Amino acid sequence: MLRFTLLWLLVFFLSLVSSSARPAPFAMRISCGARQNVRTAPTYALWYKDFGYTGGIPANATTPSFITPPLKTLRYFPLSEGPENCYGINRVPKGHYTLRIFFGLIKQPDFDNEPLFEISVEGTLIHSLKSGWTSHDDQVFAEALVFLLDGTVSICFHSTGHGDPAIISIEILQVDDNAYYSGPEWGKGVILKTTSRLTCGTSKPRFDEDYSGDHWGGDRYWEPIRTFGQNADEPRSTENSIKQASDAPNFYPEALYQSAVVSTDSQPDLAYTIDVDPNKNYSIWLHFAEIDALVTDAGQRVFDVLLNGDTIFKEIDILKMSGDRYTALVLNTTVAVSGRTLTITLHPKEGHRAIINAIEIFQVIAAESKTSSAEVRALQALKRSLGLPNRFAWNGDPCVPKEHPWSGADCQFDKSGSKWFIDGLDLANQGLKGFLPDDISKLIHLQSLNLSGNIIHGVIPPSLGTITSLELLDLSYNFLNGSIPESLGNLTALRRLNLNGNSLSGRVPGALGGRLLNGASFNFTDNAGLCGIPGLPTCGPHLSAGAKVGIAFGVSLSFLLLVICSVCYWKRRQNILRAQQIAARGAPYAKARTQFSHDIQMSRHHNHGHTRTAAENGPSLLS
């Protein structure tokens, strides 16, 4: 009992060490249009509620295939939302990922039953839906292997005028960093788009999860193909365990090698043909395991592998190359295909007929270089400040994919820095409102900027004067006010400047005025407050900003003193008027007293000459 307990503890400890050494891969599954998280049978995978979208409308979904995740909603992007719409997912760990997008049908009768559109990942176009995709199980989704290195992923949908893009789900599944390594050309600048993935000799479609495959395999979908053609081959199957199947870095499910097709005597060659896009490179992965009971030793089955008639692998002996029966063998090569079909042929050379268990075909796509992140942020700031409507669809990358650049933006590629940059911006006569942000100066490669005929208000940002590459600047017929920044005089390459039709004021910078003598074309008309160059009013004495502040302060102080004096004068006047009113009320008595005093004085004056002493007049009688 003690021995059993110790053994169990040892196994448990080793499992902990193994799990800690290799954590579960990152997995993000989004149910588009959903308002809450859901789980789906049979694996009860977790699908997060919809997030990260730039626009679109949620709706009920019709799933076009039984392999589509059994989700009830989708998100579609009508043309009124703009021709380009994206999902931007943040906090994605740096690594190698399988990205898979399932398409859907809107569950309403008045919508196009089969929309056609294009899909890009990180600015690289990876898929274009073709007419009839709803009738083929392996065409109801797009899938690609891509390196994500900056913590985010951008998946965009581009309208082509044939219905509204409609998306049921998005999966972001981490795989081994070395998964599907295919040689020197493989790496972070390469995207592998899944063209076809077949499991041979069976009629059951499977995902890796159905095979109980390792999560690091990316939950691949395997389309069943029981036969390559009528009477052309025979199926084989086994229940024996397969060695070396689930090894790193690709982690193929073991059950993948438990079925196969074998050619017949009447048709010794095994041949499979698939339609492909012309003039592309394709990475081919061929899977073998000797599960035929008739083959027990090396040399009993030898065959060549041809691609479009060219021998790629000679004398393939599965037993010899894998080392044993029931042991997985994987061969890989990359070929250029000029036509529209790719044919894989297995041609027997010795012994028994050819055999194959599974096939994977990827289109090799060079990842597009992206636009300078600083310039993308500058355009996003301009988008916010001008309130660009949805019809402009400024989502994703401004310059890539090259087939779908942002409306109004002109791009150039900088080979030395392997980055795209913006060298022209034309948003004239678009009814744009708002103001010009300082961040516009981060578009350091601009040669032409035309924002004329809009409703832009505010001042011209002085930072515009740092875009020294500007040759054309047209801000005419807006509602700009304030003065023309002196910094615009630093634009030595400027050959055409239109600021007419605004509400600008002040002196035109002298550097701009002098440029007119060198053949530049500048228009400052219809700005009532501008002055200082021929054709405009003469400016008054030029005052510095400090002098203007001093004058304003003096005027304000004088006005304050005038108000104070006026109040004092008014108060004094009121007091005088009040005193006069009081005096007027006592006037009759004052007049009587004055008259009496006057009579007395006149009497004294009259009798002055007849004055006598008391002794002469005798005693005075008083009554």
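Predicted, not measured: the structure shown is a model, and the values here were computed from it. Heavy-atom basis, side chains included; hydrogens, waters and symmetry copies ignored.
One distance of note links CG of Leu145 with CD1 of Ile365; it measures 11.0 Å at 0.5 Å rounding. Between atom SG of residue Cys399 and atom NE2 of residue His404 there is a gap of 14.0 Å, rounded to the nearest 0.5 Å. Here Ile225 contributes atom CD1 and Ile359 contributes atom CD1; the two are 7.0 Å apart, rounded to the nearest 0.5 Å.
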Run Val140 and Phe66 through side chain to side chain contact (heavy atoms under 4.5 Å, CB included) and show every step you take. CA-CA 10 Å; Val140 298; Phe66 70 96; over 6 Å; no
Step by step, would you call Trp47 with Ile30 a side chain to side chain contact (heavy atoms under 4.5 Å, CB included)? CA-CA 5 Å; Trp47 297 85; Ile30 301 174; 5.8 Å; no
Under the criterion side chain to side chain contact (heavy atoms under 4.5 Å, CB included), I'd like the reasoning laid out for Met28 against Tyr48: C-alpha separation, chi angles, the key distance, then a yes or no. CA-CA 8 Å; Met28 173 68 70; Tyr48 289 96; 3.4 Å; yes
Determine whether Asp214 and Ser246 satisfy the following criterion, side chain to side chain donor-acceptor pair (under 3.5 Å), listing intermediate values before the conclusion. CA-CA 7 Å; Asp214 193 298; Ser246 298; over 6 Å; no
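Under a cut-off of 6.0 angstrom, the local environment of CZ in Phe51 is crowded, with over 12 non-hydrogen atoms contributed by other residues, nucleotides or ligands. Heavy-atom contacts from other residues, nucleotides or ligands closer than 6.0 Å to CZ of Phe26 number more than 12. Within a 6.0 Å sphere centred on NZ of Lys280, other residues, nucleotides and ligands contribute 12 heavy atoms or fewer.
In this structure a side-chain-to-backbone donor-acceptor pair under 3.5 Å is missing from Thr371 to Phe421. Without hydrogens or angle criteria, His96 side chain to Asp176 main chain gives a donor-acceptor distance under 3.5 Å. Judged by distance alone, the side chain of Asn332 and the main-chain N or O of Ile284 form a donor-acceptor pair under 3.5 Å. Within the 3.5 Å criterion, the main-chain N or O of Leu451 finds a donor-acceptor partner in the side chain of Asn478. Between the side chain of Gln174 and the backbone N or O of Pro25, no donor-acceptor pair lies under 3.5 Å. Judged by distance alone, with hydrogens and angles left aside, the side-chain atoms of Ser469 form a donor-acceptor pair with the main-chain N or O of Ile444 at under 3.5 Å. With hydrogens and angles disregarded, a donor-acceptor distance shorter than 3.5 Å links the side chain of Asn450 to the backbone of Ser452. Between the side chain of Asn37 and the main chain of Lys49, a donor-acceptor pair closer than 3.5 Å is present. Remark: the backbone N or O of Phe435 is paired with a side-chain donor or acceptor of Ser385 at under 3.5 angstrom. For the pair Ser159 (side chain) and Gly161 (backbone), a donor-acceptor distance under 3.5 Å is absent.
For the residue pair Thr54/Asn85, the side-chain donor-acceptor check at 3.5 Å is satisfied. A side-chain donor-acceptor contact under 3.5 Å links Glu223 and Tyr221. Under the 3.5 Å distance criterion, with hydrogens and angles disregarded, no donor-acceptor pair is assigned to the side chains of Trp420 and Ser369. In this structure, a donor-acceptor pair under 3.5 Å is present between the side chains of His215 and Glu209. Remark: the Gln363 side chain and the Thr195 side chain contain no N/O donor-acceptor pair separated by less than 3.5 Å.
Contact check for Glu122 versus Val153: side-chain heavy atoms found under the 4.5 Å cut-off.
The salt bridge (charged side-chain N to carboxylate O under 4.0 Å, His left out) check on Lys419 picks up nothing, with sequence neighbours excluded. With sequence neighbours excluded, the residues that form a side-chain hydrogen bond (donor to acceptor under 3.5 Å, both in side chains) with Arg391 are Gln430. Here Asp177 pairs with nothing under the salt bridge (charged side-chain N to carboxylate O under 4.0 Å, His left out) rule; sequence neighbours left out.
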Listing, residues 251-260 side-chain donor-acceptor contacts under 3.5 Å, not counting sequence neighbours, or none:
residue, atom, partner, partner atom, Å
Tyr252, OH, Asn250, ND2, 3.1
Tyr252, OH, Glu360, OE1, 2.8
Glu254, OE2, Ile242, N, 2.8
Tyr257, OH, His287, ND1, 2.8
Gln258, NE2, Asn240, O, 3.0
Ser259, OG, Cys200, O, 2.8

Under 3.5 Å, which donor-acceptor pairs link side chains of residues 187-194 to any protein atom two or more places apart or in another chain?
residue, atom, partner, partner atom, Å
Lys193, NZ, His127, ND1, 3.4
Thr194, OG1, Glu143, OE2, 2.8

Under 3.5 Å, which donor-acceptor pairs link side chains of residues 375-383 to any protein atom two or more places apart or in another chain?
residue, atom, partner, partner atom, Å
Glu375, OE1, Ile422, N, 2.7
Glu375, OE2, His445, ND1, 2.6
Lys383, NZ, Trp394, O, 3.0
Lys383, NZ, Asn395, OD1, 3.4

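Residues Asp137 and Ser65 share a closest heavy-atom pair of OD1-OG, 2.8 Å. The minimum heavy-atom distance linking Thr341 with Thr273 is given by the pair CB-CG2, 4.1 Å.
With ring centers used as reference points, Trp133 lies under 6.0 Å from Phe103. No close placement of the Tyr282 and Phe362 rings is indicated, their centers lying 6.0 Å or farther apart. Aromatic rings from Tyr180 and Trp186 are positioned such that their centres are separated by 6.0 Å or more.
Residue pairs meeting the disulfide bond (SG atoms under 2.5 Å apart) criterion with at least one partner in residues 53-83, sequence neighbours excluded, are absent. Contacts classified as salt bridge (Lys or Arg N to Asp or Glu O under 4.0 Å) and involving residues 29-44 (residues at least two apart or in different chains) are given here: Arg29-Glu171, Arg29-Asp219. A salt bridge (Lys or Arg N to Asp or Glu O under 4.0 Å) check over residues 392-406, counting only residues at least two apart or in different chains, returns the pairs Glu368-Lys402. Listed by first then second residue, pairs satisfying salt bridge (Lys or Arg N to Asp or Glu O under 4.0 Å) with a partner in residues 54-82 read Asp50-Arg75, not counting sequence neighbours. Sorted by first and then second residue, the pairs that involve residues 435-461 and meet salt bridge (Lys or Arg N to Asp or Glu O under 4.0 Å), not counting sequence neighbours, are Asp439-Lys442. Residue pairs meeting the disulfide bond (SG atoms under 2.5 Å apart) criterion with at least one partner in residues 26-83, sequence neighbours excluded, are absent.
Under a cutoff of 6.0 Å and an axis angle of 45°, Arg197 and Trp222 form a cation-pi pair.
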